[in-house]
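Since the structure comes first, as C-alpha cells, the remarks are kept for the end.
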Amino acid sequence: MHYKAPRGTKDILPSETWRWQAVEHKFREVCRLAGFGEIRTPTFEETELFTRSIGEVTDVVSKEMYSFQDRSGRDLTLRPEGTAPVVRAWVENNIGAHGLPSKLFYIGSMYRYERPQAGRYRQFDQFGLEAIGSDDPTLDAEVIALTARFLEQTGAAPFAIRLNSVGTVDSRTLYVEALKGSVEPYLQKLCGSCQTRYEKNPLRMLDCKNPECRALTENVPRLQDYLDEESALHFQRVREALDALGLSYEIDPRLVRGFDYYTRTAFEFTDQALGAQDAICGGGRYDNLVEEIGGPATPAVGMAMGVERLLTVLDSRSAKIGVRPHPVVFVVRLGEKAQVPGLALAARLQELGVPAEMDYGGKSMKAQMKRADKSGARLALLLGDDELASGQVSARDLIAQHQWRLPLQNCAEMIQDYLSTSESGEIEAA
RNA sequence: GCGGGUGUAGCUCAGUCGGUUAGAGCGCCAGGUUGUGGCCCUGGAGGCCGGGAGUUCAAGUCUCCUCACUCGCCCCA
C-alpha cells in the first residue's frame, strides 16, 4: 500500500458517517430553535488574521499553523480555529446591520500541526457558536445552556461545566503582575514548563497539573480579587442566570483559556472518558476581538466543540443517536428474466421513498437471502420464473416469517401500504 | 517539539530458544436439495509479518534507522 492518509488525518467511512450526520443534524436543530444561523467561511484565511487575533506567542500561532504562500505570494493559513474567520466575515459583510446581537453557528474542519494523540488530530472538526454584538450576561448563559442542551440531547451527559472569569485586559494585566511578583521567590522550584510560562503566559501557571506547582501556587493571589467591578458583576450575573436555568457548574479560578482574545467569561465542558484531552468544548467572551480585527468595538461570546471528542464521549456512553441506514425491502432476483423487472421494482420502491436494495451478479437464492437478512431489511421480495409467469411477487416478512403473494403490477404501492399500516412492533409480537 | 508502548489476513490477536510450506477466531466467498435468511457442518480466497538496512548458514523473531498508530508532556476541541 503506497498512499496513506497524512499523519493526524483519517477517513470517515460510511459505517460511521451516519453518526456524524446525526450529531450535525442535532446541532443544527438546537441552533435553529435558538435563532442561530449557519455561517460558512473559507477553509483558509490571510495568515495575519490568526496571528493578530489568537496571539503571536500562543502555541497555535507559533508552531501549529498550516501556513503557505499561494502562487501570487499571498500568505495564507488553513484555519486553526473558527472564531476569527467568523468575526472577519461579520465585519466584512456588515452582518451587524441586521440587528444585534448576530447569532451565528458553524460546522467545519480546523487544522493544527500538532503531535496526534487520543482526541487530537491535525485535521479535526468543530461545531461553534458565536454571538456578536452584546455583552449581556444572559447571552453568555444562553450560549452555555445551548451547549449543555445539545450535549444532553445527543446523550453525552453527564459532563462537567467549569466556569471562570478572566476579567478585562486591564484587570488581567494588573493581576499578571501581582501573580509574577508572588511566584518570583520560588520560581526555581517550579517545573520547567511553569518557568517558561512565567515568561510567556503566566496565567497558565495556574492550570499546571504538576502537584508540586499546585502546592507552590496554592496561596498565590486570586484572579477574582483583581477583577474590575464591572467584570465581577458580569460574572455574578452569568452565574445567576445559569442557576436560574438549573445548570450545575463548578467555579474554577484556575481555568484559563489558550487564546489571547478571551475576556471575562471563560468556560469548558469536560468529560473523563476523554483522557488527557478532556475538554469536549471550550468558549467564552472576546470583547476586544472585533475591534482588533478592524471592526467597531463590539463585545461577543462564543463556544467551540470538538466533534471527534464528542463522538468519543458518545461511544463511551453507548449513546443512541441516529440510525444506521439500512434497506427496508430487499429484492431477490432469480434467473436471467427477473433481472430487469427486479431492478424496476426496486427503483419504484425508491421513488416511493422506501429504501430498497438488491444483490448483483446472479447469485444463488440462498446467498441473496443471506444478504437480505444481514442487510437488516424487513421484507424480501422474491422475483423468479414462477412470479413472472403468474404476474405476482412473493413477499416475505423476514421478521414475522410469513410469506404471501401480491400482484407485480402495483406491488411497490402495496408494499408501501403494508409498511405504513403494520408497525414493526406488532410484527415482532406476531 | 520531548518521553513510553505497539505494528503479523478486512477485524481482534497467537506465533516457543532465531529453524522448513506463517496460524486461530470473526468476517468474506462457495457448497451441504431443485427457489427460501438467522443455527450448524465442509471447503476456499485472502499476508512484502509497516518500510529500509544490518547480524546470521538461517530473521515474523535479534540490532539500528524510518514511518504509522497509541499513551503521556506541552498545548488545545
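Letters A, B, ... are given to chains in the order of the sequence lines, protein chains preceding strands, and every chain is numbered from 1.
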What nucleic acid atoms does [X] come within less than 4.0 Å of, heavy atoms only: base, sugar-phosphate, or nothing?
| X | value |
| --- | --- |
| Asp125(A) | nothing |
| Gly384(A) | base |
| Gly8(A) | sugar-phosphate |
| Phe259(A) | sugar-phosphate |
| Gly119(A) | base |

So for [X] and [N], does any side-chain atom that can act as donor or acceptor lie under 3.5 Å from a complementary atom in the base?
| X | N | result |
| --- | --- | --- |
| Lys4(A) | G50(B) | no |
| Arg197(A) | C74(B) | no |
| Arg120(A) | A77(B) | no |
| Gln368(A) | U36(B) | no |

If [N] has a Watson-Crick or G-U wobble mate with both distances under 3.5 Å, name it; if not, just say none.
| N | value |
| --- | --- |
| G1(B) | C73(B) |
| C40(B) | G32(B) |
| G54(B) | C62(B) |
| G23(B) | C13(B) |
| U6(B) | A68(B) |

What's the gap between [N] and [M] when it is taken at their [atom1] atoms, as a whole Å value?
| N | M | atom1 | value |
| --- | --- | --- | --- |
| G31(B) | G23(B) | P | 27 Å |
| U16(B) | C62(B) | P | 9 Å |
| U42(B) | G35(B) | P | 25 Å |
| G3(B) | A77(B) | C1' | 24 Å |
| G60(B) | G43(B) | C1' | 28 Å |
| C41(B) | A68(B) | C1' | 41 Å |
| C76(B) | G27(B) | P | 46 Å |
| A45(B) | A24(B) | P | 12 Å |

Is the phosphate of [N] approached by [X] (side-chain N or O, under 4.0 Å from OP1 or OP2)?
| X | N | value |
| --- | --- | --- |
| Arg115(A) | C76(B) | no |
| Arg204(A) | C76(B) | yes |
| Arg257(A) | A77(B) | yes |
| Arg371(A) | C29(B) | yes |

Can you measure [X] atom [atom1] to [N] atom [atom2] for me and round it to whole angstrom units?
| X | N | atom1 | atom2 | answer |
| --- | --- | --- | --- | --- |
| Tyr113(A) | C2(B) | OH | P | 10 Å |
| Met65(A) | G1(B) | CE | P | 17 Å |
| Ile161(A) | A77(B) | CD1 | C1' | 16 Å |
| Lys366(A) | G35(B) | NZ | C1' | 13 Å |
| Glu114(A) | C76(B) | CD | C1' | 6 Å |
| Asp385(A) | G35(B) | CG | P | 10 Å |
| Lys370(A) | G35(B) | NZ | P | 16 Å |
| Met369(A) | U36(B) | CE | P | 9 Å |

Please round to the nearest 0.5 Å and tell me the distance separating atom CD1 of Ile251(A) and atom CD1 of Ile161(A). 11.0 Å
Closest approach to the side chain of [X], judged atom by atom: which nucleotide of [options] is it?
| X | options | result |
| --- | --- | --- |
| Asp59(A) | C75(B), G35(B), G38(B) | C75(B) |
| Tyr121(A) | A77(B), G38(B), U36(B) | A77(B) |
| Leu398(A) | G72(B), C76(B), G37(B) | G37(B) |

Is there a donor-acceptor pair under 3.5 Å between the side chain of Arg333(A) and the backbone N or O of Gly362(A)? no
Check: Gly335(A) main-chain N/O paired with Gln339(A) side-chain donor or acceptor under 3.5 Å: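 Confirmed, Gln339(A) side chain pairs with Gly335(A) backbone.
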On a heavy-atom basis, which atom in [X] and which in [Y] lie closest, and how many Å separate them?
| X | Y | value |
| --- | --- | --- |
| Ser67(A) | Thr77(A) | OG-OG1, 2.8 Å |
| Cys213(A) | Leu190(A) | SG-CD2, 3.9 Å |
| Glu308(A) | Gln123(A) | OE2-O, 4.2 Å |

Under 3.5 Å, is there a donor-acceptor pair between the Gln224(A) and Ser165(A) side chains? no
Pick from Asp140(A), Thr263(A), Thr265(A): which one makes a side chain to side chain donor-acceptor pair (under 3.5 Å) with Arg285(A)?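 Testing Arg285(A) for a side chain to side chain donor-acceptor pair (under 3.5 Å) against Asp140(A), Thr263(A), Thr265(A) leaves exactly one candidate, Asp140(A).
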